[in-house]
2 protein chains.
Amino acid sequence: MTETQIKILEAAEVEFADNGFNGASIRNITQRAGVNIASINYHFGSKESLFREMFHFRFDPINEIRLSRLREEQELRNGAPVPLELVIRILVAPVFELLLSEADHPPPRFVLAIARCLSEPLELFTRLGGEVFQEVYETFFAAIRDALPQADVPQVRLQLNFAISSMVGMLTHFSRIEQFAGEPLFRRQKDEILQQFITFITSGISGCVAAGPQHEER
Amino acid sequence: MTETQIKILEAAEVEFADNGFNGASIRNITQRAGVNIASINYHFGSKESLFREMFHFRFDPINEIRLSRLREEQELRNGAPVPLELVIRILVAPVFELLLSEADHPPPRFVLAIARCLSEPLELFTRLGGEVFQEVYETFFAAIRDALPQADVPQVRLQLNFAISSMVGMLTHFSRIEQFAGEPLFRRQKDEILQQFITFITSGISGCVAAGPQHEER
DNA sequence: GGCTAGTTTAAACGATCGTTTCAAACAAAC
DNA sequence: GTTTGTTTGAAACGATCGTTTAAACTAGCC
């Protein structure tokens, strides 16, 4: 990884986070990075490939942390299910911790960049999401199912879908919705917001399971 | 509202839903609507104004339904708080019912269009969101606070933020995350998904409140 | 030094974007 | 039937997009 490539990747994160994928321009990225406009196509092939590279470069490590932390907890318990709240924490925390970093160094933008761009309905992101998140999705689906033996399987699928949607929605919209409040919510203790969100998701899922599968009783 | 304007609005919904705001092009919209390319600037002024028009045209009625339903329930109770789950239902249902319409007529695309475009970090959408949703935000914030007298105020703000983020995230990402599952989740009874999501949000909020404000005990 | 492989540069490519122009076509009112 | 104001049509505007080209530069190695 050359110095130029790193400068491009860093500039790309900011540009994608600020403007989305379609809104980001090669010229802005290269200008911000202080490199020639042709560098992106020379080093990465295309705008799409640049994004793909950034995506993998940043999220593959995060997903490995999630998978290995979950595996640790599972081995610690010798097959007994990991409690739901802990599963959710392992899924959510690695991403949110990056966003809620301390005031003295600004949060990395790539989480924002990726959450934003994933909202754009390009076919690229459907493929990329599969490449990067499929394994995490299936592993955590199994873990949640194990943690909730009384829930039926399609219901767990639905709950996981709620949880992931909420997570991406949070990353994308928190700061904007925050403005409705008139007062900053993000200034609160970072651990507190994270804990609240984990409680929110955990309670949401277990509340649904307690209410039972709706398709039988209605 | 002339016939041309309506044709443009309908075509715009599809185009914005499929491609996002930046990805949508005036030429595609006018071609789809079967009108001249200059019509949009003649009738609406600009691409931004067209979107603004569509936004208000579609969401103002939805928000009025939300506000009037909530007011009904409040008057029915003579000042006693409306239960949390009902507040959430009134907030969520008017939007989701539109998405989960029956198979014989396809769901209106504008909900998707707006959810998608709101994810794009253009300053336009910050302003538009304020114009359209501020009143709903404050009214439902007050209703949730009334329903949860034991919760402290900043915590309720946070919970509402979670709820709204989850809602927009659901609209934007459900179909894509659904693909991870390998089986369609949206085919389930529409009432069931809606009910599950309402339960999810309601349980999430009340679970957080039961756990108490985190900033005091840590 | 000369050669090579890798990298950077400035300029241009074709395509598409949102918007504007202005004359022709139209409608309704007198 | 003429006039007046509104709506369309085809064409063009300037700008910007992602990408490509070919020449210039920069090591490292014989």
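In what follows, chains carry the letters A, B, and so on, assigned in the order in which the sequence lines appear, proteins first and then strands, with residues in each chain numbered from 1.
In this structure, a donor-acceptor pair under 3.5 Å is absent between the side chains of B:His173 and B:Glu178.
In this structure, B:Arg27 atom CZ and C:dT20 atom P are separated by 13 Å, rounded to whole Å. If you measure from atom CZ of B:Phe44 to atom P of C:dT19, you get 13 Å, rounded to the nearest angstrom. Atoms CD1 (A:Ile37) and P (C:dA12) sit 14 Å apart, rounded to a whole Å. Taking atom CD1 of residue B:Ile29 and atom P of nucleotide C:dT19, one finds them 11 Å apart after rounding to whole Å. In this structure, the CG atom of B:Asn36 is 15 Å from the P atom of C:dT20, given to the nearest Å. The OH-P distance, from B:Tyr42 to C:dC26, rounds to 16 Å in whole Å.
Sequence order on DNA chain C of the closest nucleotides to A:Ser39 and B:Ile26 puts A:Ser39 first from the 5' end. If B:Ala38 and A:Asn28 are placed on DNA chain D by their nearest nucleotide, the residue sitting closer to the 5' end is B:Ala38.
Extent of DNA chain D lying under 4.0 Å from chain B heavy atoms, first and last nucleotide in 5' to 3' order, is D:dT6 to D:dA12.
Summarising the geometry, atom CG belonging to A:Asn19 is positioned 8.0 Å from atom CG belonging to B:Asn22; distances are rounded to the nearest 0.5 Å.
A salt bridge links A:Arg109 with A:Asp18; the closest basic N to acidic carboxylate O contact falls under 4.0 Å. In this structure, B:Arg127 pairs ionically with B:Glu123, as a charged nitrogen and a carboxylate oxygen lie closer than 4.0 Å.
Between A:Phe180 and the choices B:Phe141, B:Phe140, B:Tyr137, the ring-ring contact (aromatic ring centres under 6.0 Å, His included) rule is met once, by B:Tyr137. Residue A:Phe55 is tested with A:Phe44, A:Phe133, A:Phe125 for a ring-ring contact (aromatic ring centres under 6.0 Å, His included); the sole match is A:Phe133.
Nucleic acid contact class of B:Thr4 (heavy atoms, under 4.0 Å, all strands): sugar-phosphate only.
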